[in-house]
Protein chains: 2
Amino acid sequence: MSTPQAELPQRLREACAACSLKELCLPRGLDGPDLMRLDTLVERRGPLHEGDHLFRVGDSFQALYAVRAGSCKTYTVDSEGREHVLGFHLPGELLGLDAIYPGRHLCNAQALDTAVVCVLPYEQVSDLAGQIGGLRAQLMRLMSKDIADTAALAGDFTAEERLAAFLNGLSERFRQRGYSPVEFQLAMSRRDIANYLRLATETVSRVFARFENDGLIAVNRRSVRLLDLPRLRRLCAAMTGMQG
Amino acid sequence: MSTPQAELPQRLREACAACSLKELCLPRGLDGPDLMRLDTLVERRGPLHEGDHLFRVGDSFQALYAVRAGSCKTYTVDSEGREHVLGFHLPGELLGLDAIYPGRHLCNAQALDTAVVCVLPYEQVSDLAGQIGGLRAQLMRLMSKDIADTAALAGDFTAEERLAAFLNGLSERFRQRGYSPVEFQLAMSRRDIANYLRLATETVSRVFARFENDGLIAVNRRSVRLLDLPRLRRLCAAMTGMQG
DNA sequence: CCGCCGAGTTGATATAGATCAGGAGCGATA
DNA sequence: TATCGCTCCTGATCTATATCAACTCGGCGG
């Protein structure tokens, strides 16, 4: 049933980038013709440059996006002017799921660095999902995972638990993509991390410093090395336990 | 295209209860035969009594549940023993969406009072969603809404904003179900509310008291009357703005 | 190469909300 | 009706994290 990535049609292979979109297509018995049909839907967009917006609050919802290269953040600015970062999106991850219900985007999506995305026109993907059970199942799974992840983030945890979970989550995602799970560059500023974790930037700085003092990590500006993954995992076990 | 509720087959009509499951079936061009097919999938379960569990963490995921009568909470207990309430579910609302991805339940679901639920076997519902575009679209919409709601809850807001949004959300949900949007009984304890909003129970008590002093609400134990809905809405505008 | 500017860090202080402690109301049980 | 056992409320403190303030560092333009 499973199809090695090399057999994916071209645009789709690009969209997949060793990621959740690969999951979207591969492990559920999509065969050549099915993949070809999905592939023909995919358009490429970009490159976006740092700070460019992929979509903004209020934009009509037409398509889901899969990050192909670079990274994005999604965020809102509330009526008091506070910025809330909803998520960071690495290659292969899907953007825009929250816009399906209202039919317009509820958040802004902005490139954190030079980024390329694949456009998945929603109506057509949905139609195809009607015909291909594996695609439908995988779409539901991705949305389901999004719900669980967001719920974990919504929980009541300390600054240390939250930052540990953040680093652990990034590590896991890099690992899945074939990059080092213990040494990587952060694409986002301290301010973005803080807004994501509901902390002040100063608190993020301080917890980074504390982790470094404790020998958990080595951090310099945006480059991070995880020195004690097991201990980091234990620190955030309570939080990751909610994500499955 | 739209079908008035009276035309729904019996079990489905029960499952709907003037709610999101009604949305699931009605407004998207499901006709009589389609509805009949969905109806035959629905089984009823209950009554559950206060404190009974509908499912528990780790249970194999077989079905989604729609509350038909009464109400439920979903919650987790983390490795430190802290309880996190993920949501409260009124008649018509769907439970268990977060379990699709991992194939097992990530949270516990417990009746807050005497409750009846409808069981929607997931595989069969998914198959049917493949055949009926309107059902598929509506399932996606419900999951999408769940993502947006959870993201709003995950945001960084004050105790007052959070409690105001909680009351406002309940009001809205009661209104949609044909009940009074300004006078209702809370099915959940202060402790549950606090765990849901990431506050201490004492803080919930105090904010209730403050709201009452300010003439916003009248509250006595679990009965609540909203006296100034516009002002309440303004208090939580920042938060509800994230939900669409 | 210098000087600027924004990002990040670090220290001092403030505060929202937690925790601790006690008491009041209310329903269930006998 | 008395007593237990909750849930809820209220006051007194405590604390994790925010806020305010100053400084450092590294990159970039001129």
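Just so we're on the same page: letters track the sequence lines, and every chain starts at 1.
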Sugar-phosphate or base contact per nucleotide [nucleotides 6-18 of chain D; S, B, -; heavy atom under 4.0 Å]: -BSBBBB----SS
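With sequence neighbours excluded, no residue satisfies ring pair (Phe, Tyr, Trp, His ring centres under 6.0 Å) with H49(B).
Between R82(B) and D156(A), the closest side-chain pair of non-hydrogen atoms is not below 4.5 Å. Side-chain contact check for L153(A) versus Y196(A): some heavy-atom pair is nearer than 4.5 Å.
T240(B) contributes a side-chain N or O that, together with a main-chain N or O of C236(B), makes up a donor-acceptor pair within less than 3.5 Å. For the pair D113(B) (side chain) and S71(B) (backbone), a donor-acceptor distance under 3.5 Å is present.
Between the CD1 atom of I193(A) and the C1' atom of dA7(C) there is a distance of 12 Å, rounded to whole Å. L197(B) places its CG atom 12 Å from the P atom of dG17(C), with the value rounded to the nearest Å.
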